[in-house]
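Keep in mind that the numbers below use all heavy atoms, side chains included, and drop hydrogens, waters and symmetry copies.
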Amino acid sequence: DNNGSGGSDTPPPPPPPQRGTLLQSPPTHLSTVSTTDLLARLAGGSDEGKQGLGLVSEPECTIDVHQIQYNTVDATGEATTASGALMVPNGPATTCQGPRPILLYAHGTTTDRDFNIANLDNTENAEGLIIAAVFAAHGYIVVAPNYAGYDTSTLQYHPYLNAEQSSGEMIDALTAARSALPTQVAPGTSDNGKLFITGYSQGGHVAMATHRAMQAASMTVTASGPMSGPYTLAAFSDAIFFGQVNAGAPLLATFTINSYQHAYGNIYSNTTDIFEARYATGIDTLLPSTLPRSTLFAQGSLPRTQLFSSTPPDPAFAANTPATEPANLAPLFALGFGPEN
């Protein structure tokens with residue numbers, strides 16, 4: 001109280017930013033991609049992009065690609081930001097303009113901190129190019145978040161396989177994208193109210209979580225098709241601990257452990273509680289990274305395949321830990337055990 005009146009001169013804190021609001025309105029227009037350009041980028045890019053050509057019928061629509069940036073929350077519900085793609089079909093009025101359905105897409109796991117699915121100029125961005133060719137070029141408006149922790153996001157980690165955070169962020173991205181429609185470069189294309197949800201790998205988990213959250217909130221979903229996701233995480237993890245170690249397990253486990261540590265704070269007190277000492281220092285901030293995953297493996301920041309020690313556990317626990325000897329495992333699973341775990 002500076003004036004003796006019993007009040008306070010300190011103003012109240014500003015309200016938190018509203019979720020799903022655009023940080024830039026209108027959103028940045030990154031590129032206009034013709035049908036010819038799109039096919040050429042797929043053919044001249046990564047192996048995944050070339051394989052994607054087999055899924056693509058003749059594209060019909062030119063695509064206007066925007067980068068949306070929006071307000072969302074992190075794993076603890078604190079305000080943060082994220083970005084993503086808004087792909088708007090343009091071209092023939094009968095197939096590419098007018099009221100169009102929205103395809104909400106969740107991408108798979110990437111370690112690349114700078115990943116931007118809206119950057120179709122990057123021919124290594126196979127996932128972005130494929131969804132552009134399969135959906136946007138056939139008249140769907142595509143909304144595809146990069147997720148918090150990637151691209152321009154202010155979050156310093158990624159809430160990996162956190163169903164509540166990721167589904168909420170998908171809804172925030174959709175809200176932001178809908179507020180940007182119709183765009184200045186495609187004023188004839190609008191949302192017709194039909195919503196389709198899909199995603200692959202990590203994105204399969206995100207897509208299913210999103211459909212569940214929307215169903216609980218009585219939001220309209222026309223159809224969903226999650227693909228190849230780790231849906232029942234407890235059972236998925238149990239299988240790994242019983243010896244069925246999946247490819248890339250050290251990287252995926254690191255993502256998951258640190259994600260849940262940020263969300264719940266009770267996974268470890270020190271990183272050495274759960275990670276071997278050779279990897280523990282700095283592993284809590286390792287992913288996502290500005291370095292390629294090949295570099296992370298080469299410099300010894302993570303093992304490529306070895307999740308567990310190949311040395312049998314204490315005999316007191318051996319009965320509850322079947323098939324820990326690599327010789328007893330299928331060749332693929334055996335790669336998950338070794339001295340550099």
Answer yes or no: is there a donor N or O on one side and an acceptor on the other, between the side chain of [X] and the main chain of [Y], under 3.5 Å?
| X | Y | answer |
| --- | --- | --- |
| R113 | G149 | yes |
| Q261 | Y268 | yes |
| N258 | I283 | yes |
| R100 | I141 | no |
| T232 | A235 | no |
| S237 | A234 | no |
| T198 | G225 | yes |
| S31 | V33 | no |
| S25 | L22 | no |
| N162 | Q165 | yes |

Considering non-hydrogen atoms only, spot the tightest contact between [X] and [Y] and give its length.
| X | Y | value |
| --- | --- | --- |
| T271 | A280 | OG1-O, 3.1 Å |
| L251 | L302 | CA-CD1, 4.1 Å |
| N125 | N116 | ND2-O, 3.7 Å |
| Q67 | P27 | O-CB, 3.4 Å |
| V65 | A118 | CG1-O, 3.2 Å |
| G243 | F333 | O-CB, 3.3 Å |

For a 4.5 angstrom cut-off between non-hydrogen side-chain atoms, does [X] reach [Y]?
| X | Y | result |
| --- | --- | --- |
| I131 | I117 | yes |
| S166 | T210 | no |
| L286 | S301 | yes |
| N246 | L332 | no |
| L104 | L195 | yes |
| Q156 | H262 | no |
| F275 | D284 | no |
| Q306 | V245 | no |

Check your understanding: Pick from Y160, Y157, Y260, Y147: which one makes a ring-ring contact (aromatic ring centres under 6.0 Å, His included) with F255?
Key ->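 It is Y160; the other options fail the test.
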Practice item. Check step by step if side chain to side chain donor-acceptor pair (under 3.5 Å) holds for T154 and T81. Key: CA-CA 6 Å; T154 56; T81 64; 3.3 Å; yes
Determine all donor-acceptor pairs shorter than 3.5 Å in which one atom belongs to a side chain in residues 82-97; sequence neighbours excluded.
from	atom 1	to	atom 2	distance (Å)
S83	OG	N146	ND2	2.8
S83	OG	D151	OD2	2.6
N90	ND2	D64	OD2	3.3
N90	ND2	V185	O	3.2
Q97	NE2	G91	O	2.5

Point to revise | Criterion side-chain contact (heavy atoms from CB on, under 4.5 Å) on M170 and V206, from CA distance to verdict | key: CA-CA 8 Å; M170 288 276 279; V206 173; 3.5 Å; yes
By salt bridge (charged side-chain N to carboxylate O under 4.0 Å, His left out) - contacts of [X] (at least two apart):
| X | result |
| --- | --- |
| R304 | none |
| E340 | R278 |
| D114 | none |

Hey, any chance [X] and [Y] share a hydrophobic cluster, counting ILVMFWY side chains that come within less than 4.5 Å of each other, even indirectly?
| X | Y | result |
| --- | --- | --- |
| L161 | Y264 | yes |
| I68 | F115 | yes |
| I257 | F236 | no |
| V142 | L39 | yes |
| L120 | L53 | yes |

Practice item. Determine, using ring centers only, whether F308 and F241 are less than 6.0 Å apart. Key: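 Centroid separation for F241 and F308: below 6.0 Å.
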Review point. With a 6.0 Å cut-off on ring centres, are Y150 and H158 close enough?
Key: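 Ring-ring flag for Y150/H158: true, centres closer than 6.0 Å.
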Review point. Do T189 and T183 pass the side-chain contact (heavy atoms from CB on, under 4.5 Å) test, and can you show the C-alpha distance, the side-chain angles, and the key distance before you say yes or no?
Key: CA-CA 8 Å; T189 305; T183 63; over 6 Å; no
**Study point:** Among D121, T123, N122, side chain to side chain donor-acceptor pair (under 3.5 Å) partner for R41
**Key:**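 Among D121, T123, N122, the one that satisfies the side chain to side chain donor-acceptor pair (under 3.5 Å) with R41 is D121.
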Practice item. For I274 and I267, run side-chain contact (heavy atoms from CB on, under 4.5 Å): C-alpha distance rounded to whole Å, both residues' side-chain angles, the deciding distance at 0.1 Å, then the answer. Key: CA-CA 8 Å; I274 196 164; I267 305 300; 4.2 Å; yes
Review point. Hey, are D172 and T175 close enough side-chain-wise for a donor-acceptor pair under 3.5 Å?
Key: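 T175 vs D172: no donor-acceptor pair found between side chains.
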Review point. Should we say atom CD of Q18 is surrounded by more than 12 heavy atoms from elsewhere, each under 6.0 Å from it?
Key: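 No, not enclosed.
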Can you name the residues that form a side-chain contact (heavy atoms from CB on, under 4.5 Å) with [X], not counting sequence neighbours?
| X | result |
| --- | --- |
| T76 | D74, E78 |
| T295 | L291, P292, Q299 |
| T35 | P59 |

Exercise for review: Let me know which of I130, L129, V134 forms a side-chain contact (heavy atoms from CB on, under 4.5 Å) with V56.
Suggested key: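 Of all the options given, the one that passes is V134.
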Exercise for review: Go through the structure and list residues passing side-chain hydrogen bond (donor to acceptor under 3.5 Å, both in side chains) with T28, not counting sequence neighbours.
Suggested key: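 Counting only residues at least two positions away or on another chain, T28 forms a side-chain hydrogen bond (donor to acceptor under 3.5 Å, both in side chains) with Q24.
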Point to revise | Results of ring-ring contact (aromatic ring centres under 6.0 Å, His included) for Y279 - residues two or more places apart only | key: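 Result, ring-ring contact (aromatic ring centres under 6.0 Å, His included) vs Y279: none returned.
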Check your understanding: Could you go step by step and tell me if N341 and E276 meet the side-chain contact (heavy atoms from CB on, under 4.5 Å) rule?
Key -> CA-CA 7 Å; N341 60 291; E276 294 282 8; 3.0 Å; yes
Check your understanding: What salt bridge (Lys or Arg N to Asp or Glu O under 4.0 Å) pairs are there with at least one residue in residues 181-192, not counting sequence neighbours?
Key ->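 Residue pairs passing salt bridge (Lys or Arg N to Asp or Glu O under 4.0 Å), neighbours aside: R178-D191.
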Review point. Any side chain to side chain donor-acceptor pair (under 3.5 Å) pairs touching residues 43-56, not counting sequence neighbours?
Key: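 Sorted result for residues 43-56: S46-E48.
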Check your understanding: Any side chain to side chain donor-acceptor pair (under 3.5 Å) pairs touching residues 131-140, not counting sequence neighbours?
Key ->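 Matches after skipping sequence neighbours: S57-H138, E60-H138.
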